[in-house]
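All residue numbers in this chain count up from 1 along the given sequence.
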Amino acid sequence: MYLKHGSPVKMMESYIAVLTKGICQSEENGSFLSKDFDARKAYLAGSIKDIVSQFGMETVILHTALMLKKRIVVYHPKIEAVQEFTRTLPALVWHRQDWTILHSYVHLNADELEALQMCTGYIAGFVDLEVSNRPDLYDVFVNLVESEITIAPLAKEAMAMGKLHKEMGQLIVQSAEDPEKSDSQVIQDIALKTREIFTNLAPFSEVSADGEKRVLNLEALKQKRFPPATENFLYHLAAAEQMLKI
């Protein structure tokens, strides 16, 4: 287009047409339609089944960390392995449809780390093992080489596991190990179980004083007498969803 018109204006017109109308037409190449390229297909590019194959029941640690909007750091010396693994993780919390938490390739330099630490929760990929000595950067550390997941000491209270997590872990493993199920079906199973967790939380929420959002009624939650780990998780989930009274 630039060779034909000798001006960036025509290129900009096409770019704006895609942004505003989702379509771009050209005599040589026909029409480009945004709707032909569903973003969800890109979201499904990685394999949840591969993650579960590697980590088994411990996958529930990753699910819990993502639910609570914790900081996950992933290490492998090969950037391809880091990127493939990290891009799949947000699918564990499919209801959020949020891939902006992904920082697939971060270096241990001051500028990049400062930008990273401004985010509340994230998935950050590193190829330098030195990151394992930076517990200030993560709540959960994933060493892909050793197939190990480590919870940082300061995050252990919020990440305490109980019956609820065991049930979720069993569902994730059972679904992922079913040879008849595709990755998208496994994601769907996890999403349905995740919705159940939010359903559990709903009776303990009330409309805030300003009427703008729902907030957690802590007394109602305590009166239900859930097992300590479940109550703890639901409280921290409410905090992650900005449902605590200020």
Side-chain angles (χ1 to χ4, degrees), residues 40 43 48 51-52 55-72 88-102 117-123 138-142 149-176 185-246:
R40 287 172 298 181
Y43 293 163
I48 285 283
I51 290 177
V52 180
F55 290 103
M57 276 292 283
E58 285 201 320
T59 308
V60 78
I61 297 173
L62 301 172
H63 177 266
T64 303
L66 288 161
M67 287 282 282
L68 300 182
K69 298 183 180 176
K70 295 296 183 186
R71 301 165 304 157
I72 300 174
T88 311
L89 288 183
L92 285 169
V93 281
W94 184 255
H95 64 285
R96 289 204 183 115
Q97 296 279 296
D98 185 8
W99 265 252
T100 63
I101 60 173
L102 208 51
Q117 287 174 306
M118 287 174 72
C119 309
T120 45
Y122 53 74
I123 301 161
Y138 62 81
D139 299 305
V140 173
F141 180 71
V142 184
I149 298 177
T150 307
I151 300 173
L154 288 175
K156 282 187 174 173
E157 188 250 334
M159 296 279 294
M161 301 284 160
K163 181 172 176 280
L164 188 76
H165 302 88
K166 186 180 178 182
E167 287 174 1
M168 175 59 85
Q170 287 170 337
L171 173 120
I172 291 171
V173 171
Q174 192 177 346
S175 179
Q185 287 170 314
V186 175
I187 289 166
Q188 199 171 5
D189 287 345
I190 296 169
L192 285 170
K193 188 69 176 173
T194 300
R195 198 176 299 161
E196 279 181 31
I197 294 172
F198 280 105
T199 304
N200 282 338
L201 192 59
F204 313 111
S205 65
E206 59 193 19
V207 177
S208 62
D210 58 13
E212 286 190 8
K213 63 175 185 176
R214 298 196 71 81
V215 294
L216 180 71
N217 182 329
L218 191 55
E219 280 306 308
L221 178 62
K222 287 184 179 295
Q223 284 169 14
K224 185 68 178 174
R225 299 193 181 279
F226 280 119
T230 301
E231 182 184 301
N232 179 60
F233 173 70
L234 291 174
Y235 173 80
H236 283 97
L237 180 60
E241 295 292 327
Q242 298 180 319
M243 288 173 62
L244 297 187
K245 293 175 187 173
I246 300 169

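Note that OG1 of Thr59 and CD1 of Ile149 are 6.5 Å apart. Values are rounded to the nearest 0.5 Å. The CZ atom of Arg71 lies 7.5 Å from the CD atom of Gln117; values are rounded to the nearest 0.5 Å. Going from atom CD1 of Ile123 over to atom CD1 of Ile101 covers 3.5 Å, rounded to the nearest 0.5 Å. Note: Thr150 OG1 to Glu58 CD = 8.5 Å, rounded to the nearest 0.5 Å. Distance check, rounded to the nearest 0.5 Å: NE2 of His236 to OG1 of Thr64 gives 12.5 Å. Taking CG of Leu62 as the start and NZ of Lys70 as the end, the distance is 14.5 Å to the nearest 0.5 Å.
With Ser175 as reference, Asp189 is the one residue of Ile187, Asp189, Ile48 to meet the side-chain contact (heavy atoms from CB on, under 4.5 Å) rule. A side-chain contact (heavy atoms from CB on, under 4.5 Å) with His165 holds for exactly one of Val60, Thr230, Ile61; it is Val60.
Other residues, nucleotides and ligands contribute more than 12 heavy atoms inside 6.0 Å of the CZ atom of Phe141. Under a cut-off of 6.0 angstrom, the local environment of CD in Glu206 is crowded, with over 12 non-hydrogen atoms contributed by other residues, nucleotides or ligands. Counted within 6.0 Å of CG on Leu154, heavy atoms from surrounding residues, nucleotides or ligands total 12 or fewer; the atom is thus considered open.
Looking at Asp98, its side chain never comes within 3.5 Å of a backbone N or O of Pro90 through a donor-acceptor pair. Counting only distance, with no hydrogens or angles, the side chain of Lys69 and the backbone of Ala240 share a donor-acceptor pair below 3.5 Å. The closest donor-acceptor contact from the side chain of Gln97 to the backbone of Trp94 lies under 3.5 Å.
At least one side-chain heavy atom of Asn200 sits under 4.5 Å from a side-chain heavy atom of Leu164. Within the 4.5 Å cutoff, no side-chain heavy atoms of Ile51 are placed close to those of Leu92. The shortest side-chain heavy-atom distance between Glu231 and Lys224 does not fall under the 4.5 Å cut-off. Contact check for Ile172 versus His63: side-chain heavy atoms found under the 4.5 Å cut-off. Gln223 places none of its side-chain heavy atoms less than 4.5 Å from the side chain of Phe204. Taking the side chain as every heavy atom from C-beta outward, Leu237 and Leu68 approach each other to under 4.5 Å. For the pair Val52 and Val173, the minimum side-chain heavy-atom distance is below 4.5 Å.
Applying the salt bridge (Lys or Arg N to Asp or Glu O under 4.0 Å) rule to Arg96 yields the partners Glu241; only residues at least two apart in sequence or on another chain are considered.
Of all non-hydrogen atoms in Glu157 and Asn232, the two that sit nearest each other are O-ND2, 2.7 Å. Of all heavy-atom pairs between Ala229 and Ala160, the closest is CB-O, 4.2 Å.
Contact check on Glu196 versus Lys193 returns a salt bridge, with a Lys/Arg side-chain nitrogen under 4.0 Å from an Asp/Glu carboxylate oxygen.
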- Evaluate side chain to side chain contact (heavy atoms under 4.5 Å, CB included) for Ile197 paired with Leu234, printing each intermediate quantity in order. CA-CA 8 Å; Ile197 294 172; Leu234 291 174; 4.2 Å; yes
(request) Start with the C-alpha gap between Leu89 and Leu102, add the side-chain angles, then the distance that decides, and say whether side chain to side chain contact (heavy atoms under 4.5 Å, CB included) holds. (result) CA-CA 9 Å; Leu89 288 183; Leu102 208 51; 5.8 Å; no
| task | Check step by step if side chain to side chain contact (heavy atoms under 4.5 Å, CB included) holds for Tyr235 and Lys222. | result | CA-CA 10 Å; Tyr235 173 80; Lys222 287 184 179 295; over 6 Å; no
